[in-house]
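Computation of the quantities below employed the complete heavy-atom set of this structure, encompassing side-chain atoms and omitting hydrogens, waters and symmetry-equivalent molecules. Numbers for residues simply follow the sequence, beginning at 1.
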Amino acid sequence: MRYSQLITANLRTWTLSLVCLLLIVFPAVGFAQQEFVGQWYQVGADWQFSEQPSDAIAAPKLTGGRFVFQSSFEIRDASENIVIDFKNASSLGRFQHTITDSQGNIVAVAKGGIQSETANEFFLRHGREFSLPPGQYQLTTELTSPYFIAEPQPYLDSLSNYRQAIKWGNFITLVSLGVLISLGVYYAILALVRRRTTEIMYTFFIWMNVLYNSTALLLTPDLFKIHWFYFVGGPILLSNFAYVLFAKHLLQIKAETHPLLDRLATLFLVLMAGLLLAALFNHHWVIESARYGVGLMMLYGLIAALVRAYEGYEIAYYYLVAIAAFFIIGSFAISSKDLEGIYTLYIEHIGLLAVTVEVLLIGLVLGYQFAEVYRDKEKNLALVRHSLQIAHHDALTGLPNRYAMDQALEKLSSSGMITLLDMDNLKLYNDTYGHSKGDELLQLFAGTLSTRLGGLGVLHRMGGDEFAILSDSSNLADSIRQNIDDTIKHLHRNGFDKAGVSYGLASMSEVSNVDELRMLADQRMYQHKRNTNMPQWA
């Protein structure tokens, strides 16, 4: 691979990474969100709102459970409603916000979550709108979820700010899912047509990510009223297997050629199977197992790409760009718990961006692969055409050969005609002046007569000093004779004064099959050779 290609590929990777970083940082600038200052508690299944929780914790555990958050806040300006939402993560099972006034009276309650049937007030968001008069209030948030992708944290925003701030996140969700769905359909069609493991596994990887992101970012619950929480995490556990198999087949890793990489793939698949079993037996470990599986998946792709690129496998160079971008953004997504200072973009958005960037770049990889296949196909077609040219044409004169004439005879019309020709005195020139002179005579005769015939017929070289002309109509006999005679005169004027041609013509109307046609033309040619003054065709 040329250095310019490597530089271009690296620039593309860093450009995309910078775009992703801007998309993450820009929405956090200039808005007035306020994180609640309060305390998290872990509570049991029988906890009641009237009880004061006692088991204080720093943040909800990523392996899920039931948690309570309490915080006091003040409303000074009642001119605009407020919105309470969660930062860091949108994958929440169920939540309930309960707001009490300074006397402990409940003034507002709002519910939601992926597992909840309660409709979201804002598209693709857990935000809940409240209208409160000025005063002191206490927020009590109950949060129950099988697991979390990041640490959820309630925050407060004005309604106008919130409506503006959520636009970027929703834009990322809809555009990225649109890209994944479009490419998922494309690769599904390729998988059906080509039936290769590479396309099949990558199609599965894309659609599992579509299912996961659609649920985690609330598209599935909001639009299709599907509230099964295990569409978050579960599809990722399965997609990890597909991606390792995809990378293995894309990079042509086989046990015979790359035993270490093949064994490493097997080891990672076994580890992923262990993670899958852990998630099946303990649903709180679904997202943690998926997180570790994503790490193994990306690590294998990166190692395999580096090894194959080092070996000079050209596709690996392009794939390395894709997996490097995926690894950089994806590693941040699976390792981060809190997006400090960022409120309306979630860890799920970053993961979605990572997959979208990777899928787009893989499109370039597979596009290059298809181009290579197309180039190989064109090269093979050129070789086939060249082979057919050799098989059907005489190497010395360039005329169609005996094989081509036999094929043409099978298609000769009932009014067609053949002329067999035998050059006289070719041996004289070979013996006297050498074979190069004889070759020159053959080339001059073939080129001159073929040009003169034009559309009257096709001249073939049968071998040695034997030629044949196939014509579509026996009415052309006189014209063909004249062109043969003119060709002989041309030979005489160009240094071959002893050259001559004996020929015989026969028409399909005189015989019942092509064998008889050739035999009749051959007889007349030898008759012409014995007595050039006798007519060849009555």
Could you state the interatomic distance from [atom1] ([X]) to [atom2] ([Y]), rounded to the nearest 0.5 Å?
X	Y	atom1	atom2	value
F73	L132	CZ	CG	5.5 Å
L306	L251	CG	CG	10.5 Å
R125	F86	CZ	CZ	13.5 Å
F327	L320	CZ	CG	11.5 Å
I57	F69	CD1	CZ	11.0 Å
L245	N240	CG	CG	11.0 Å

With a 4.5 Å limit on heavy-atom distance, are the side chains of [X] and [Y] in contact?
X	Y	value
V68	L143	no
L353	S176	yes
V294	I236	yes
L174	L219	yes
F122	R128	no

Summary of side-chain hydrogen bond (donor to acceptor under 3.5 Å, both in side chains) pairs that have at least one residue in residues 291-307, sequence neighbours excluded: E288-R291
Qualifying side-chain hydrogen bond (donor to acceptor under 3.5 Å, both in side chains) pairs with a residue from residues 265-282, counting only residues at least two apart or across chains: none
Residues that [X] engages under ring-ring contact (aromatic ring centres under 6.0 Å, His included), provided they are two or more places apart:
X	result
F229	Y147
F246	Y202, Y243
F130	none

Listed by chain and number, what are the side chain to side chain donor-acceptor pair (under 3.5 Å) partners of [X], not counting sequence neighbours?
X	value
T100	none
D338	K87, N88
Q407	H392, Y403
E311	H258, R308

If you compare all heavy atoms of [X] against all heavy atoms of [Y], which two are closest, and at what distance to 0.1 Å?
X	Y	value
W285	A278	CB-O, 4.3 Å
L250	T198	N-OG1, 3.9 Å
L139	P154	CD2-CB, 4.3 Å
L180	V359	CD2-CG2, 3.7 Å
M272	L296	CE-CB, 3.9 Å
S239	M297	O-SD, 4.5 Å

Side chain of [X], backbone of [Y]: donor and acceptor closer than 3.5 Å?
X	Y	answer
H349	L345	no
R94	Q115	yes
R66	V43	no
Q138	S102	no
N120	F123	no
Y317	A309	yes
E151	P60	no
T344	I166	no
E80	S160	yes
H227	I114	yes

Validation: residues 206-214 side-chain donor-acceptor distances under 3.5 Å, sequence neighbours left out:
unit_1: W207; atom_1: NE1; unit_2: G184; atom_2: O; d: 3.1
unit_1: N209; atom_1: ND2; unit_2: F205; atom_2: O; d: 2.9
unit_1: N213; atom_1: ND2; unit_2: N209; atom_2: O; d: 2.8
unit_1: S214; atom_1: OG; unit_2: V210; atom_2: O; d: 2.6

Verdict with supporting geometry, V355 and F326, side chain to side chain contact (heavy atoms under 4.5 Å, CB included): CA-CA 7 Å; V355 173; F326 191 25; 4.1 Å; yes
Any side-chain donor-acceptor pair under 3.5 Å between [X] and [Y]?
X	Y	answer
Y343	D157	no
T98	Q96	yes
H126	S90	no
E129	N81	yes
Q39	S71	no

Pairing residues for A279 by the side-chain contact (heavy atoms from CB on, under 4.5 Å) criterion, not counting sequence neighbours: L237, V286, S289
Non-neighbouring partners of I189 that pass side-chain contact (heavy atoms from CB on, under 4.5 Å), sequence neighbours left out: V185, V193
E340, CD atom: more than 12 neighbouring heavy atoms under 6.0 Å: no
Verdict with reasoning, I329 to F332, per side chain to side chain contact (heavy atoms under 4.5 Å, CB included): CA-CA 5 Å; I329 306 172; F332 181 78; 5.8 Å; no
K254/D262 ion pair, N-O < 4.0 Å: no
CA sep, side-chain torsions, deciding dist, call: T257, Q252, side chain to side chain donor-acceptor pair (under 3.5 Å): CA-CA 9 Å; T257 56; Q252 297 291 301; over 6 Å; no
Y155 and I84: CA distance, side-chain angles, deciding distance, side chain to side chain contact (heavy atoms under 4.5 Å, CB included) verdict: CA-CA 6 Å; Y155 74 93; I84 296 177; over 6 Å; no
Side chain to side chain contact (heavy atoms under 4.5 Å, CB included) between E35 and L156, worked out: CA-CA 6 Å; E35 188 172 329; L156 176 72; over 6 Å; no
Ring geometry between H97 and F95 (parallel below 30°, tilted from 30 to 60°, perpendicular above 60°): tilted
Mutual orientation of the aromatic rings belonging to F67 and W40 [parallel < 30°, tilted 30-60°, perpendicular > 60°]: perpendicular
